[in-house]
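One structure below.
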Amino acid sequence: MTVQARRTVKAPRVWQRMLSGRRLDLAHPSPMDVEIEDIAHGLARVARWNGQTRGEHAFSVAEHSVIVERICRKLDPSLTAKQGLTALLHDSPEYVIGDMISPFKALLGEGYKAVEARLQEAIHIRFGLPPVTPAKLKKLVKKADMICAWFEATQLAGFEVDEANRFFGEPPEGIRLRLAPKAVPDAQEAFLARFRQLMTEMGAP
């Protein structure tokens, strides 16, 4: 390759322009470029299960996130507002990178996990949360996530109960959900409303 040819090769773009006007660098995400309106807008338009669910509307990550936070509170009534916000934002990087199904994540390997972790840290810092979720809370959120996934699988994604039990574990006796996928604007507003409630409880201005 000649010197001239080398000069014309451009580095790939690794940032995304958000509707807020922010440019979020995926390689080195800055908390200053994270806006909750962008997160809510994106998550309400990202479909769980790659959209392979029953109903007029996709079951969005925004709706899933609100339910997971609610389950966490059911499992641990002593949950603080800050811990609740951590639960609400547990899938927040997906507003940029989408909701990759677990089999595809396994194929992508550590590269995907590293990008996801950097985004999660930036989001946490932006909203006054610990950059890395404490292990105990992470375990609680994972449990709530699996419970929600069980109901999604059996009510929306066509799984038989025995199959869902194998993959996600049988949900506790005291938790029962009836899922109804929301239209995008409703899912977006429900996510934002819960975020605002939690920020108010945290004493944020």
Side-chain angles (χ1 to χ4, degrees), residues 39-40 43-44 46-95 99-106 113 116 120 123-124 127 129-130 132-184 186-202:
I39 293 174
L43 294 186
V46 174
R48 295 270 294 169
W49 306 92
N50 271 353
Q52 298 298 307
T53 51
R54 302 185 181 102
E56 180 180 357
H57 305 292
F59 189 74
S60 72
V61 175
E63 188 170 357
H64 164 84
S65 299
V66 172
I67 294 171
V68 167
E69 191 266 337
R70 190 187 310 152
I71 295 172
C72 283
R73 202 163 291 280
K74 180 81 172 178
L75 294 171
D76 181 3
S78 69
L79 208 70
T80 67
K82 184 171 285 193
Q83 290 170 330
L85 184 58
T86 303
L88 182 70
L89 296 173
H90 77 282
D91 278 339
S92 51
E94 294 177 7
Y95 89 106
D99 182 22
M100 300 290 183
I101 58 174
S102 297
F104 193 42
K105 287 182 181 179
K113 292 179 182 178
E116 184 179 43
Q120 191 78 71
I123 292 165
H124 278 194
F127 300 116
L129 302 174
V132 178
T133 303
K136 184 178 178 181
L137 179 57
K138 188 172 183 177
K139 184 177 180 180
L140 176 69
V141 173
K142 183 63 177 177
K143 182 176 181 179
D145 190 56
M146 296 295 274
I147 292 170
C148 191
W150 188 94
F151 285 100
E152 292 171 25
T154 56
Q155 294 181 21
L156 304 175
F159 282 59
E160 296 295 334
V161 168
D162 288 346
E163 186 180 22
N165 287 346
R166 286 200 308 274
F167 287 111
F168 310 110
E170 190 172 355
E173 192 64 36
I175 297 180
R176 290 294 177 263
L177 304 174
R178 177 55 59 187
L179 303 179
K182 299 178 183 292
V184 166
D186 296 332
Q188 182 172 336
E189 184 49 43
F191 182 90
L192 280 173
R194 187 58 185 147
F195 171 84
R196 292 177 186 128
Q197 289 172 352
L198 290 166
M199 289 296 283
T200 298
E201 290 176 23
M202 287 169 56

(request) To the nearest 0.5 angstrom, please state how far the CD1 atom of I67 sits from the CG atom of L177. (result) 6.5 Å

(request) Kindly compute the distance separating CG (L43) from CD (Q188), expressed to the nearest 0.5 Å. (result) 9.5 Å

(message) Is the ring pair F167/F159 parallel, tilted or perpendicular, if the boundaries are 30 and 60 degrees?
(response) perpendicular

(request) Could you tell me which non-hydrogen atom of A144 sits nearest to which non-hydrogen atom of V68, and how far apart they are? (result) CB-O, 3.7 Å

(message) With rounding to the nearest 0.5 angstrom, report the CD1 to CD1 distance, I123 to I39.
(response) 4.5 Å

Sequence neighbours excluded and cut-off under 3.5 Å, please list the side-chain donor-acceptor pairs for residues 53-65, or say none.
residue, atom, partner, partner atom, Å
R54, NH1, Q155, O, 3.4
S60, OG, A62, N, 3.4
S60, OG, E63, N, 3.1
E63, OE1, K182, N, 2.9
H64, ND1, E152, OE2, 2.7
H64, NE2, H90, NE2, 3.4
H64, NE2, D91, OD2, 3.4
H64, NE2, D145, OD1, 2.7
S65, OG, V61, O, 2.7

(request) Give a yes or no answer on whether the side chain of H124 reaches the backbone of P130 with a donor-acceptor pair at less than 3.5 Å. (result) yes

(message) Does anything in residues 159-178 form a side chain to side chain donor-acceptor pair (under 3.5 Å)? List the pairs, not counting sequence neighbours.
(response) W150-N165

(request) Drop me the distance from M202's CE to M199's CE, to the nearest 0.5 angstrom. (result) 5.0 Å

(message) Using only atom types and a distance under 3.5 Å, with no angle test, would you say the side chain of N50 pairs donor to acceptor with the backbone of Q52?
(response) no

(message) Is there a salt bridge (charged side-chain N to carboxylate O under 4.0 Å, His left out) between E189 and R194? Walk through the geometry before answering.
(response) CA-CA 9 Å; E189 184 49 43; R194 187 58 185 147; over 6 Å; no

(request) Could you give me the CA-CA distance, side-chain angles and deciding distance for F191 and L89, then say whether side chain to side chain contact (heavy atoms under 4.5 Å, CB included) is met? (result) CA-CA 10 Å; F191 182 90; L89 296 173; 3.9 Å; yes

(message) With a 3.5 Å distance limit and no angle check, can you tell me whether R73 reaches the backbone of L79 through a side-chain donor-acceptor pair?
(response) yes

(request) Please confirm whether the backbone N or O of T80 pairs with a side-chain atom of E201, one donor and one acceptor, at under 3.5 Å? (result) no

(request) Could you pull out the closest heavy-atom pair between P171 and I147, with the gap in Å? (result) CB-CG2, 4.1 Å

(request) For E69 and L198, work out which heavy atoms get closest and say how close. (result) OE2-CD2, 4.0 Å

(request) Supply the atom-to-atom distance C72 SG to L88 CG, rounded to the nearest 0.5 angstrom. (result) 10.0 Å

(request) State which residues pass ring pair (Phe, Tyr, Trp, His ring centres under 6.0 Å) with F127; sequence neighbours excluded, sorted by chain then number. (result) F195

(request) With rounding to the nearest 0.5 Å, note down the distance linking CZ in R48 to CG in L179. (result) 10.5 Å

(message) Using every non-hydrogen atom in the two residues, find where W49 and A149 come nearest and quote the distance to one decimal.
(response) CZ2-O, 3.7 Å

